[in-house]
**Student:** 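Pasting a structure here, questions to come.
Numbered from 1 within each chain, the chains take letters A, B, ... in sequence-line order. In this text, all values refer to a predicted model and were calculated from it rather than measured experimentally.
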Amino acid sequence: MSNIQDITKPEHLVYRKTPLLTDNVMHYCPGCTHGVIHKLVGEVIEELDIQDKTIGVSPVGCSVLAYNYLDIDWAQAAHGRAPAVATGISRLHPEKYVFTYQGDGDLASIGCAEIMHACSRGENIVVIFINNAIYGMTGGQMAPTTLLGQVTATTPYGRDPKLNGFPMKITELLAQLDGTCYVTRQSADTPGAVRKAKNAIKKAFQNTRLQKGTSFIEIVGTCNSGWKMTPVDSNTWMRENMFPKYPLGDIKDI
Amino acid sequence: MAKFKGAIVVDNEKCKGCGLCVVACPTKVIELNPNVNGKGYHYAWMKNPDGCIGCASCGLVCPDSVISVYKMSVES
């Protein structure tokens with residue numbers, strides 16, 4: 001029998017942290033989906049070898065500090081305005097790979113106009129949209145994507161459609177716009193889902209290379225602190241409650 | 001006998017003990033260590049190292065990218 005020292009040799013390494021991620025310890029809560037998606041973005045940039053050609057635009061929200069973790073060029077936009085900033089960057093530098101990284105409070109609520117018109121114009125950018133159905137950073141308030149009946153800090157008796165309206169399926173809305181070339185919804189709760197999400201992100205960056213238009217990737221994620229659950233329970237809750245409302249898969253691919 | 005032997009190396013001080021790798025492991029190798037790291041988290045460790053097949057499922061789902069996975073083929 002071989003012991004662990006024999007196995008953990010450099011030539012046997014099959015998976016390690018991508019060098020695109022810095023050594024900073026992420027400020028995210030344990031089990032946060034943001035960490036997985038940061039890693040996937042880093043791995044895709046590493047595989048496509050576009051580290052010096054990629055510019056990210058970070059939002060307002062938990063992922064505002066994304067520039068601390070991915071070793072690429074970043075800009076930081078005002079709340080919800082990341083697609084507008086990315087529009088300017090991609091028009092000035094059409095040879096660069098420009099992506100925005102936004103949460104649901106940022107993109108679906110205050111930034112709804114910006115994302116609609118950026119997609120309508122068909123800007124050559126990638127939009128990564130993390131949907132965890134809650135405002136995580138500010139303390140778990142209701143977001144446009146909060147499910148009916150879901151308890152948040154501002155809907156303590158559950159989201160009531162008469163008072164708070166219905167959850168918004170923003171990805172389906174954006175798929176109807178002619179400017180988008182690739183619209184998909186993915187998850188990152190299981191190893192298989194993580195692989196699919198990585199392929200989706202890779203395809204989106206390749207669309208940028210081909211100048212095809214806006215690629216939009218929604219990642220259905222968890223906010224275990226906001227939902228008041230353990231990370232493992234959050235994933236179970238997400239599969240049982242979020243996936244029926246936000247079904248996974250490609251919505252548009254041209 | 002298994003054709004592959006695997007092992008993981010966890011960066012104990014960076015692990016936040018979320019437990020996602022524990023449920024992702026198909027061979028039930030990983031558990032949270034009863035001891036805690038400097039931040040007070042129960043970090044992940046290989047409780048049953050003989051079962052590891054080096055599939056890297058734990059590394060894929062780890063939000064903090066603290067898991068490195070090694071895999072070697074063994075003669076049966």
Side-chain angles (χ1 to χ4, degrees), chain A residues 1-43 69-70 187-198 221-222 224-225 229-236 239, chain B residues 1-26 29-30 32 36-76:
Chain A
M1 287 296 286
S2 49
N3 59 24
I4 290 176
Q5 281 74 32
D6 292 334
I7 304 172
T8 56
K9 286 178 179 169
E11 63 265 29
H12 298 146
L13 184 68
V14 290
Y15 192 86
R16 51 92 173 96
K17 186 175 109 165
T18 169
L20 262 287
L21 284 176
T22 62
D23 287 333
N24 294 328
V25 178
M26 291 192 184
H27 72 285
Y28 302 118
C29 308
C32 180
T33 311
H34 277 309
V36 182
I37 306 304
H38 282 18
K39 173 174 69 180
L40 295 185
V41 172
E43 288 177 358
Y69 309 128
L70 277 170
S187 164
D189 57 330
T190 61
V194 172
R195 286 198 174 93
K196 280 187 191 167
K198 182 178 173 183
T222 62
N224 45 72
S225 296
M229 295 177 200
T230 64
V232 175
D233 289 346
S234 297
N235 274 342
T236 309
R239 281 191 280 269
Chain B
M1 188 172 164
K3 285 184 178 170
F4 290 101
K5 282 282 291 173
I8 62 167
V9 174
V10 180
D11 188 341
N12 291 349
E13 280 307 308
K14 283 190 177 174
C15 179
K16 293 178 185 165
C18 65
L20 293 181
C21 53
V22 176
V23 293
C25 180
V29 167
I30 308 173
L32 294 184
V36 295
N37 61 17
K39 288 184 287 194
Y41 293 122
H42 294 281
Y43 51 90
W45 72 309
M46 284 202 295
K47 192 175 183 199
N48 314 307
D50 290 341
C52 184
I53 53 174
C55 67
S57 292
C58 51
L60 279 170
V61 299
C62 177
D64 294 281
S65 307
V66 298
I67 302 179
S68 302
V69 184
Y70 297 83
K71 183 179 185 179
M72 65 180 277
S73 59
V74 287
E75 305 300 324
S76 56

**Student:** Relative to chain B, which segment of A:Lys198 carries a heavy atom at a distance below 4.5 Å: side chain, backbone, both, or neither?
**Tutor:** neither
**Student:** Can you establish whether the number of heavy atoms outside B:Lys47 located under 6.0 Å from its atom NZ is more than 12?
**Tutor:**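 For B:Lys47, atom NZ is not crowded (no more than 12 foreign heavy atoms under 6.0 Å).
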**Student:** State the NE2-OG distance between A:His12 and B:Ser68, to the nearest 0.5 angstrom.
**Tutor:**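 OG of B:Ser68 is found 15.0 Å from NE2 of A:His12.
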**Student:** Does the side chain of A:Val232 come within less than 4.5 Å of B:Leu20's, by heavy atoms?
**Tutor:** yes
**Student:** Below 4.5 Å from any heavy atom of chain B, which atoms of A:Asn224 appear? Answer side chain, backbone, both or neither.
**Tutor:** neither
**Student:** Counting heavy-atom pairs closer than 4.5 Å to chain A, which one of B:Ser65, B:Gly54, B:Gly17, B:Cys15 comes out on top?
**Tutor:**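 Winner by heavy-atom pair count: B:Ser65.
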**Student:** Please look at A:Thr8 and chain B and tell me whether the side chain, the backbone, both or neither of the residue comes under 4.5 angstrom of a heavy atom of that chain.
**Tutor:** both
**Student:** For residues A:Pro30 and B:Cys18, report the shortest heavy-atom separation together with the two atoms involved.
**Tutor:** C-CB, 3.7 Å
**Student:** Mind checking the NZ-CG spacing from A:Lys17 to B:Asp64? Nearest 0.5 Å is all I need.
**Tutor:** 9.5 Å
**Student:** Check whether B:Cys58 gets within reach of chain A through its side chain, its backbone, both or neither, counting any heavy atom under 4.5 Å.
**Tutor:** neither
**Student:** Does the side chain of A:Ile4 come within less than 4.5 Å of B:Met46's, by heavy atoms?
**Tutor:** yes
**Student:** In Å, rounded to the nearest 0.5 Å, how long is the span from CD1 of A:Ile7 to SG of B:Cys52?
**Tutor:**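 Spacing of CD1 (A:Ile7) from SG (B:Cys52) equals 7.5 Å.
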**Student:** To the nearest 0.5 angstrom, please state how far the OH atom of B:Tyr70 sits from the CD atom of A:Gln5.
**Tutor:** 11.5 Å
**Student:** Got a second to check how far A:Tyr15's OH is from B:Cys55's SG, nearest 0.5 Å?
**Tutor:**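 So the OH of A:Tyr15 and the SG of B:Cys55 are separated by 11.5 Å.
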**Student:** Tell me, for A:Asp23 versus chain B, whether the close heavy atoms (under 4.5 Å) come from the side chain, the backbone, both or neither.
**Tutor:** both
**Student:** Indicate the atoms forming the closest heavy-atom contact of B:Lys16 with A:His27, along with that distance.
**Tutor:**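 Scanning both residues, the minimum pair turns out to be NZ-C, 4.2 Å.
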**Student:** Counting only non-hydrogen atoms closer than 4.5 Å, does A:Leu21 touch chain B with its backbone (N, CA, C, O), its side chain (CB onward), both, or neither?
**Tutor:**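 Side chain only.
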**Student:** Decide yes or no for A:Tyr28 and B:Pro63: does some side-chain heavy atom of the first lie under 4.5 Å from some side-chain heavy atom of the second?
**Tutor:** no
**Student:** Are any of the side-chain heavy atoms of B:Glu13 and A:Val25 separated by less than 4.5 Å?
**Tutor:**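 With C-beta onward as the side chain, the pair stays apart.
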**Student:** What part of B:Val61 gets closer than 4.5 Å to chain A, counting heavy atoms only: side chain, backbone, both or neither?
**Tutor:**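 Both parts, backbone and side chain.
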